[in-house]
Amino acid sequence: MSIGIARVAATALFSCCCLMVALPATAGVARSGGSSGPLYNAIFNFGDSGSDAGNLCVDGRPGPAGLLGIFTRLPYGVTYFGKPTCRCSDGRVNIDFLARAFGLPFPLPSKAPRKDFQQGANMAIIGGTVLDYSNASLKFTAYDGSMNTQIDNFQQLLPSICGTQQSCKMYLAKSLFVFQLGENDYSIQLVNGSTVDEASKNIPRTVNTIISGVEKLMTLGAVDIVVSNIALMGCFPFYLSMFESSNKSDYDKYGCLRNHNALFKRHNSFLQSSLPKLQKKHPHARIMYADLASHIYQIVQDPRKFGFETAFMSCCGKAGAPHRFDLFTLCGMDGSSVCHDPASHLLWDGMHLSDTANRRIAEGWLSGPYCHPPILQ
């Protein structure tokens with residue numbers, strides 16, 4: 001496959017881009033050692049395809065055409081909903097599990113018309129980025145899913161959620177905010193031909209923009225904010241296919257792309273070191289650093305320990321292809337097929353986590369050890 005053709009396909013599709021313990025489904029969850037009663041009024045999420053609940057499909061436009069259209073049809077959604085919901089999963093995404101843990105409904109896509117968002121809204125959208133990209137060739141979709149746009153969308157909802165600026169501050173102080181953006185900012189550069197070193201130069205700008213976005217939410221009234229790092233995408237079939245190398249030294253002992261993961265680790269390190277400074281500046285807030293990268297990488301090292309049969313193999317994709325992933329026979333396309341047990345797979349389609357994996361990510365954030373401090377501490 002020529003790299004030029006692969007990049008065209010990749011640019012279009014990547015936008016999409018502990019043992020299990022049952023999460024409580026009733027209200028009344030409280031932090032340990034503290035108050036009783038419901039912990040949060042609402043939950044608000046900012047992210048990309050990893051946590052989008054359908055914003056690409058509900059803003060009054062027809063469903064997306066081309067490669068993005070695969071998310072609008074089965075087998076997406078098959079495990080939990082029994083139908084596609086424009087989530088890039090066989091079922092739920094991590095924010096759905098977090099909401100249910102506090103007795104809240106799944107946060108509705110923020111673009112859904114005529115909906116009540118008083119218990120939460122999901123601003124995440126396929127192709128979401130931290131930075132603004134004015135150049136259309138550097139976007140994964142025709143929709144602007146940048147952090148600033150997502151925050152603007154959130155602000156437009158506030159009058160209907162909580163009324164005046166003062167009442168909103170009080171309401172949002174008892175809401176949970178989740179911020180999970182960044183992967184696409186680097187993937188855009190790499191897919192368009194940048195080297196890992198070139199992409200690394202944008203780490204300070206990307207992280208500083210995340211910090212400014214989190215701080216903006218605080219000025220609106222946010223107090224409890226989960227800020228997630230980004231997964232080590234060099235372990236995902238999309239990256240393993242797109243950036244395949246004949247040099248064995250380009251891979252770590254588990255089969256992940258070493259240099260690409262080093263890029264994501266540098267981003268995560270910069271983010272982790274920046275958050276305590278923001279916390280010190282805003283002592284009234286509670287900033288929680290969610291370690292998505294470590295959780296997924298530990299599953300990669302020993303999937304059976306976490307209840308999975310495989311960490312590298314997609315559940316849905318092209319049977320017989322490496323990692324069951326092929327850029328031209330993606331999940332939902334003609335010629336693709338689904339494994340017999342999606343719950344046994346970390347990855348649903350080679351780019352996104354399965355319903356079961358999203359549940360376990362949420363578990364790790366709620367009670368630890370993959371969130372510092374845990375949400376329920």
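Numbers for residues simply follow the sequence, beginning at 1. It should be emphasised that the depicted structure is a prediction, and the values quoted were computed from it without experimental measurement. Side-chain atoms are counted along with the backbone in the values below, which use heavy atoms only and exclude waters and symmetry mates.
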Donor-acceptor pair between [X] and [Y] side chains, under 3.5 angstrom:
{"X": "Arg87", "Y": "Ser89", "answer": "no"}
{"X": "Asn45", "Y": "Gln180", "answer": "yes"}
{"X": "Tyr76", "Y": "Asp90", "answer": "no"}
{"X": "Gln119", "Y": "Asn41", "answer": "no"}
{"X": "Thr209", "Y": "Thr206", "answer": "no"}
{"X": "Tyr289", "Y": "Ser228", "answer": "no"}
{"X": "Asp291", "Y": "Asn229", "answer": "yes"}
{"X": "Ser146", "Y": "Thr149", "answer": "yes"}

State whether Tyr297 and Lys265 meet the cation-pi test: NZ (Lys) or CZ (Arg) under 6.0 Å from the six-membered ring centroid, and within 45° of the perpendicular axis.
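Lys265 over Tyr297 ring: yes.
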So, do Leu190 and Phe243 sit near enough that their side-chain heavy atoms are less than 4.5 Å apart?
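A side-chain contact under 4.5 Å exists here.
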Answer whether the closest heavy-atom distance between the side chains of Glu215 and Lys281 falls below 4.5 Å.
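Glu215 reaches Lys281 side chain to side chain.
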Find the distance between [atom1] ([X]) and [atom2] ([Y]) and round it off to the nearest 0.5 Å.
{"X": "Leu172", "Y": "Met218", "atom1": "CG", "atom2": "CE", "answer": "13.0 Å"}
{"X": "Tyr370", "Y": "Glu363", "atom1": "OH", "atom2": "CD", "answer": "12.0 Å"}
{"X": "Arg92", "Y": "Leu98", "atom1": "CZ", "atom2": "CG", "answer": "12.0 Å"}
{"X": "Leu327", "Y": "Lys318", "atom1": "CG", "atom2": "NZ", "answer": "11.0 Å"}
{"X": "Thr356", "Y": "Asp341", "atom1": "OG1", "atom2": "CG", "answer": "7.5 Å"}

Tell me the closest heavy-atom pair linking [X] and [Y], and the distance in Å.
{"X": "Asn55", "Y": "Asn122", "result": "ND2-O, 2.8 Å"}
{"X": "Val130", "Y": "Met147", "result": "O-CB, 3.4 Å"}
{"X": "Ala53", "Y": "Pro107", "result": "CB-O, 4.1 Å"}
{"X": "Ile296", "Y": "Ala231", "result": "CD1-CB, 3.9 Å"}
{"X": "Phe308", "Y": "Ser354", "result": "CE2-OG, 4.4 Å"}

Hey, what's the ring geometry for Phe177 with Phe46, parallel, tilted or perpendicular (30° and 60° as the breaks)?
parallel
Quick one: side chains of residues 256-264, donor-acceptor pairs under 3.5 Å with protein atoms, not counting sequence neighbours, listed by atom name and distance.
unit_1, atom_1, unit_2, atom_2, d
Arg258, NE, Ser249, O, 3.2
Arg258, NH2, Tyr251, O, 2.6
Asn261, OD1, Gly234, N, 2.8

For Arg324, run the side chain to side chain donor-acceptor pair (under 3.5 Å) check against Ser314, Ser337, Ser336 and tell me which one passes.
Ser337
Stepwise, does the side-chain contact (heavy atoms from CB on, under 4.5 Å) test hold for Leu217 with Phe154?
CA-CA 10 Å; Leu217 294 176; Phe154 172 65; 4.2 Å; yes
Taking only residues two or more places apart in sequence, or in another chain, which ones meet Cys371 in a disulfide bond (SG atoms under 2.5 Å apart)?
none
Listed by chain and number, what are the ring-ring contact (aromatic ring centres under 6.0 Å, His included) partners of [X], not counting sequence neighbours?
{"X": "His282", "value": "His284"}
{"X": "Tyr171", "value": "none"}
{"X": "Tyr186", "value": "His267"}

Under-2.5 Å SG separation for cysteines Cys316, Cys339
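No; the two sulfurs sit 2.5 Å or more apart.
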Is the backbone of [Y] close enough, under 3.5 Å, to the side chain of [X] for a donor and an acceptor to pair up by distance?
{"X": "Glu183", "Y": "Met233", "result": "no"}
{"X": "Ser167", "Y": "Cys162", "result": "yes"}
{"X": "Asn153", "Y": "Lys111", "result": "no"}
{"X": "Asn94", "Y": "Asn358", "result": "no"}
{"X": "Asn202", "Y": "Arg205", "result": "no"}
{"X": "Asp326", "Y": "Thr329", "result": "yes"}
{"X": "Ser200", "Y": "Val196", "result": "yes"}

My understanding is that a hydrophobic cluster links ILVMFWY residues whose side chain heavy atoms are under 4.5 Å apart, including indirect links. Using that, what else belongs to the cluster containing Phe106?
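Members alongside Phe106: Tyr80, Phe81.
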Counting only heavy atoms not in Glu198, do more than 12 sit closer than 6.0 Å to its CD atom?
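It does: Glu198 CD has more than 12 such atoms within range.
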